[in-house]
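Okay, structure first, notes after.
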Amino acid sequence: MQTHPKKRIDLIIEMPLLRRITERFDKAGVSGYSVLPIVAGRGQSGEWSAGGQVSEVGQMAAIICIVDAGKVDAVLEEVFAVIRKQIGLVTVSDVSVVRPERF
Amino acid sequence: MQTHPKKRIDLIIEMPLLRRITERFDKAGVSGYSVLPIVAGRGQSGEWSAGGQVSEVGQMAAIICIVDAGKVDAVLEEVFAVIRKQIGLVTVSDVSVVRPERF
Amino acid sequence: MQTHPKKRIDLIIEMPLLRRITERFDKAGVSGYSVLPIVAGRGQSGEWSAGGQVSEVGQMAAIICIVDAGKVDAVLEEVFAVIRKQIGLVTVSDVSVVRPERF
Amino acid sequence: MTLTDLAAQNLLSPMVLFFAVGLFAAFAKSDLTVPEPVAKLLSLYLLMSIGFRGGAEVAHHGLTVQLAGTIGAGILLSFAMPFVAYTILKRTSRLSAVDAAAVAGHYGSISAVTFAAVTGALNQLSVPFEGYMVAVAAAMETPAIISALNLARPHRDQPASGNGNHVWREVLLNGSVITLLGALVVGMISGPKGLATVKPFFVDLFPGFLCLFLLDMGLVAGRGLNQGRKYLTASLGIFAVIMPLIGASIAAALAFAIGLSAGGTAVLMTLAASASYIAVPAALRLALPEANPAIPLTMSLGVTFPFNLLLGIPLYIAVANAITTPH
Amino acid sequence: MTLTDLAAQNLLSPMVLFFAVGLFAAFAKSDLTVPEPVAKLLSLYLLMSIGFRGGAEVAHHGLTVQLAGTIGAGILLSFAMPFVAYTILKRTSRLSAVDAAAVAGHYGSISAVTFAAVTGALNQLSVPFEGYMVAVAAAMETPAIISALNLARPHRDQPASGNGNHVWREVLLNGSVITLLGALVVGMISGPKGLATVKPFFVDLFPGFLCLFLLDMGLVAGRGLNQGRKYLTASLGIFAVIMPLIGASIAAALAFAIGLSAGGTAVLMTLAASASYIAVPAALRLALPEANPAIPLTMSLGVTFPFNLLLGIPLYIAVANAITTPH
Amino acid sequence: MTLTDLAAQNLLSPMVLFFAVGLFAAFAKSDLTVPEPVAKLLSLYLLMSIGFRGGAEVAHHGLTVQLAGTIGAGILLSFAMPFVAYTILKRTSRLSAVDAAAVAGHYGSISAVTFAAVTGALNQLSVPFEGYMVAVAAAMETPAIISALNLARPHRDQPASGNGNHVWREVLLNGSVITLLGALVVGMISGPKGLATVKPFFVDLFPGFLCLFLLDMGLVAGRGLNQGRKYLTASLGIFAVIMPLIGASIAAALAFAIGLSAGGTAVLMTLAASASYIAVPAALRLALPEANPAIPLTMSLGVTFPFNLLLGIPLYIAVANAITTPH
Ligand SMILES: Nc1ncnc2c1ncn2[C@@H]1O[C@H](COP(=O)(O)O)[C@@H](O)[C@H]1O
Ligand SMILES: Nc1ncnc2c1ncn2[C@@H]1O[C@H](COP(=O)(O)O)[C@@H](O)[C@H]1O
Ligand SMILES: Nc1ncnc2c1ncn2[C@@H]1O[C@H](COP(=O)(O)O)[C@@H](O)[C@H]1O
Ligand code: NA
Ligand code: NA
Ligand code: NA
């Protein structure tokens, strides 16, 4: 099948900031994104686990966003406007898609 | 360590169709796949969230499948036979594995 | 935005072994990792699903770890010391990050 | 008791008030959420409790001609209402034929939590009703799906694709259908004696669990409205209030013909008036994938459910009282 | 009943013992975990139960001058305690001004499960308390956040950025605040009659649910201590024990002035002594992102909560008894 | 009461019937699922309830010689049964030595929900049993694991690797072991008075929670059989039914020697007859990773558990009755 190159942006961010980040995605004009739960992790600020937690403070979530290469910079700029002071991790990678028109 | 190139297929699809899709994976002869939950997202049909939902309608799930490059087309064909009329997103990317024989 | 190449290591491993693996990550000196739940899957040992399960035996989890390319071999060696006898799947792929100093 | 009294008492019940709290939180965009597994537990509990208690009642009273008649009436309603709904929708709305058929299927079927709410209201008013009504509810869940598929068939591009059996399996083996029917059978077999052993859980906790579930329903309905407002044209919004009244009226006539009690009449009316938002959407997502699932869901959960909960139920109880009281 | 008796009875109660089991499991690095959605269900249940019962009591007794006075005292405490806490912290610890303000905000606000624990202990001792204290608890949740933001403002690099309204929305519409207030209103509207219908769920199960929740709290507090030990300098550890005593003392004086009963006095003291670990951390994560959330959480959950649960509550009850007993 | 009566009453109990509903749904490939966090909540509840009530009974009756003797018998059974099981398996099946040792370990240990089921059945029959049997159950969980590791040791390729301590920690600190033992201790300390405060939750709801849990067990056992059928050779299938009978027989002899009541004898027989599917699989996954975990799980959950639930328990009660009735 013919495939077309796109970019995949992966974020790992603090859960309480989810809404602020997704608002930025909307602003950057992405066509969509998906949020995946993270249940545990470790980083510079130590280990954490979602188990038994009532509050979202200290919890993380993952966001996946498939975008056109031309939009990557706009998304990164929006995202870094929010996570400057917060814990967050952003990666960009190459993917191929079959139906390029939806992004 | 010596690594070998393989392909990673990522699907984001409607949860009620999960079983139909995985049946297609079996048909395409993949050696395995994993299903990850998605808890929220946005797309052309708007925002959704799994929170508080009893039914799976409108919910999405992610499927990850590591395959040999030679099988990618077969998998995509099977997959697109199901998701033609449904909401779904497919990406393919390059990965390296250490034990090539299991795929 | 200027981006820097890093490696993304993805593991899919048996949940009861999670702690042993993350101890190996610490040993390999990675700066962090995140654990994502997997809810169902299929492999050589058949199909499984987390639904209704009390025990973690037979369940899988995903670990994502962004590292510097120079650390990949050390991580793989540590990881394969544990999963030799167990079910587990490891892939490595290329990603770009914006803030290289945190890895 | 007058309709105003009934309505007031209903609106002041903790269940309805917790629904309102949920609605408010959703409209105010609070981050309050009932975790998804908890929502599923609540639904599982309600279905098991409803089914078990209904089955134990049937075991107690035995199978009667009236029971058979009422189940027959329920099946008839579920089969027929989608045709009524479809006709109205095609005349008043701009829905495509397939979407209209899907919506019609939702309104032919029933909502288990609306059933729970009417039984809760009747219990609070000490109005007895036929215990086998849960069997009627179970019988009304699926026939509407057949009607919807039949209504849609001439308008579908893709060939029928012969997976009719496939679809039937998925409909009949739907988790919520199995739970309700399974609990009904368990209740019938283990009877009042079995019920006694689990009464503190399945009977005494019911109103409390219903409060939690209705809080969640309020949140979900409110968010559904926030999201689905774009689908809610004036005509669909009106339909979502009128169709329950039409269904309830037909049901009232049938109940009168069968000779149901006031409570049973109110329950049958409520069943007819309620619209599915769990079993039917799941089935149609597989059997009629061209239909946009958000349209019927927004109507059913966002308009019809709140309407029935807040105003419909006291109205149906009042009407049921009126038509069953000897003059 | 002497303080020793009270302390012994408290330490032997199932709730406190299950908390100890959780602590032990966490310190021993057991894999025991309460799944996150279950923890959220437990918290939802506790807030609904506390709120509903408090509301029903208010409906029963009506709104009084004393109620207004006590709510006023609670708001005052919540506003003022952060200033006391901040002053102490700046003198005794090396926390940055922003972190000190964040910690101070946590100690001005309250912990709902500590409230649940003191009411549980009073019920077990058959000591009555003013039912409206839940309204006081609700009123004390948020004022401390304003104080914390005011304390931090001069020390923040980033401009105030004018999103004050944004923050207020997020604080007031926080899920736990809405649940508690919503249930309070439901209880006030549906009253004792509404409470009767849901008593088996919201009243009878309360001690059992509290056991489960405290098991979870023990696990989370123990893990928090394992992880956050590095933040717990001697001065912060001492603060986390002294500050509750200071808060409780001020509250005792206010309660005496208002003329609260022994039970009410114990509750107000416990509220003042408790530190938030759900509503305030969530609000500050958004409003004061420069602060390290782990510092106040470790202090509040890892030290102050266990201290109050194990020793503080019997102490506050004993003091409340002493100051309200006529000589 | 005859064996047939007992069996009939057992098969008509809501718990067993809900298990059958779950099995049916799994075999019919319904999408019915109990969410994983809910299943964990149910398990947590059952362990806390069993442990707490057992502890309160021990507190009530005190520690006796018979208690010590019964615990000793339980530990002996758990140590010894794996050797019996291993010998049979090596003669009748083609399992590798390591897999046979793993299976043997499962059958030496116990299943907490089977324990719950037998106590539920005895309660329904109003047959009293020694309250400390829960302590016996707890004591029987882990010795079998040592035996399994000893049986496997000569056949393992990898060196013993000196992580024996590591494994012991993981076994003894396993979440389900800690919960049961922790609740037992809480029950012993807080005693009948503590139990009274949480009775509506931990006692009254027990049969209802057990229904939910058994529905889930039916689903999981059915799915396990669907998936693991390939491992179930004729010899393993027969073993999974015979081994419980062997275990129960040895236990009956020991119970007779100790002089347990009819109820206590039935419980000890059931414990011996039951096979672990939570604590032992988890421990062996870490301590004996070469073993295929699906083999013992399929046998234990797919065959032995249903056998005990449906037929074994009434049989053990009947035998216990017979051997303890004075002639
Ligand atoms: N290198 C990494 N790879 C994957 N996840 C990471 C990495 N570093 C941090 N994280 C995730 O981000 C969270 C916060 O990281 P930190 O701010 O470094 O404490 C961690 O607990 C992990 O869940
Ligand atoms: N570009 C994207 N990247 C990641 N996830 C997406 C993207 N587009 C859509 N999705 C996911 O797919 C769902 C349905 O998309 P849509 O059909 O466009 O409404 C969304 O709610 C997201 O969860
Ligand atoms: N090719 C694959 N791609 C993604 N996940 C896989 C793949 N193979 C195996 N898995 C996951 O690993 C689990 C165990 O695999 P196996 O050991 O082959 O039975 C499966 O149930 C899947 O969840
Ligand atoms: Na209907
Ligand atoms: Na306070
Ligand atoms: Na055994």
Side-chain angles (χ1 to χ4, degrees), chain D residues 34-49 51-53 55-56 59 166 168-206 208-209 278-279 282-283 285-286, chain F residues 8-42 44-46 49 117 119-126 198-216 218-219 222:
Chain D
V34 175
E36 177 206 344
V38 171
K40 287 184 174 149
L41 167 65
L42 298 175
S43 157
L44 192 64
Y45 171 85
L46 284 194
L47 292 171
M48 284 174 80
S49 170
F52 193 122
R53 292 190 288 156
H166 205 76
W168 271 109
R169 273 187 67 85
E170 287 172 321
V171 168
L172 288 176
L173 296 175
N174 177 289
S176 65
V177 175
I178 290 261
T179 307
L180 188 57
L181 287 177
L184 188 72
V185 172
V186 171
M188 285 174 64
I189 298 178
S190 66
K193 202 178 145 193
L195 184 59
T197 66
V198 294
K199 180 178 168 297
F201 189 68
F202 283 123
V203 179
D204 298 347
L205 300 190
F206 190 78
F209 267 109
I278 297 184
R285 201 69 206 105
L286 292 162
Chain F
Q9 177 155 347
N10 186 55
L11 289 172
L12 300 183
S13 76
M15 291 96 200
V16 172
L17 290 168
F18 274 115
F19 179 76
V21 171
L23 269 186
F24 169 79
F27 288 147
K29 304 214 184 285
S30 161
D31 66 351
L32 178 58
T33 320
V34 175
E36 177 206 345
V38 172
K40 287 184 175 150
L41 167 64
L42 298 175
L44 194 64
Y45 171 85
L46 285 195
S49 170
T119 60
L122 291 171
N123 282 339
Q124 231 184 314
L125 297 167
S126 309
V198 294
K199 180 177 169 296
F201 189 68
F202 283 124
V203 179
D204 299 346
L205 299 190
F206 191 78
F209 266 109
L210 195 52
C211 285
L212 255 176
F213 196 34
L214 284 173
L215 175 71
D216 179 47
L219 288 164

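Letters A, B, ... are given to chains in the order of the sequence lines, protein chains preceding strands, and every chain is numbered from 1.
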Donor-acceptor pairs are to be reported for all side-chain atoms of residues 20-28 of chain F against protein atoms at under 3.5 Å, with residues two or more places apart or in another chain.
none

**Region of D/Ala183 that comes under 4.5 Å of a non-hydrogen atom in chain F** = both
**Complete:** Most contact-rich option vs chain D, by heavy-atom pairs under 4.5 angstrom, among F/Asn123, F/Leu210, F/Leu17, is F/Leu17
**Asked** Say you draw a straight line from NZ of D/Lys199 to CG of F/Asp204; how long is it, rounded to the nearest 0.5 Å?
**Response** 10.0 Å
**Item:** For F/Phe209, the option from D/Phe202, D/Phe201, D/Tyr45 that meets ring pair (Phe, Tyr, Trp, His ring centres under 6.0 Å)
**Value:** D/Phe201
**Message:** To the nearest 0.5 Å, what is the distance between CD1 on D/Ile178 and CG on F/Asp31?
**Reply:** 8.5 Å
**Request:** May I ask you to test the D/Thr197-F/Gln124 pair for a side-chain heavy-atom distance under 4.5 Å?
**Result:** yes
**Request:** Considering only heavy atoms and a distance below 4.5 Å, find which of F/Pro207, F/Pro35, F/Pro14, F/Pro37 pairs most often with chain D.
**Result:** F/Pro14
**Pick from F/Pro200, F/Ser13, F/Cys211 with the largest number of heavy-atom pairs that fall under 4.5 Å of chain D** = F/Cys211
**Request:** Working to the nearest 0.5 Å, report the span between CE of D/Met48 and CG of F/Leu215.
**Result:** 5.0 Å
**Fill in**
Of all heavy-atom pairs linking D/Asn174 and F/Ser30, the shortest is C-OG, 4.2 Å
**Asked** Tell me, do D/Leu205 and F/Leu205 make a side-chain contact under 4.5 Å, heavy atoms counted?
**Response** yes
**Prompt:** After noting the C-alpha distance and the side-chain angles of F/Met15 and D/Val198, does the key distance pass the side chain to side chain contact (heavy atoms under 4.5 Å, CB included) rule?
**Reply:** CA-CA 9 Å; F/Met15 291 96 200; D/Val198 294; 4.2 Å; yes
**Message:** Quick one, F/Leu212 and D/Leu44 - any side-chain contact, counting heavy atoms below 4.5 Å?
**Reply:** yes
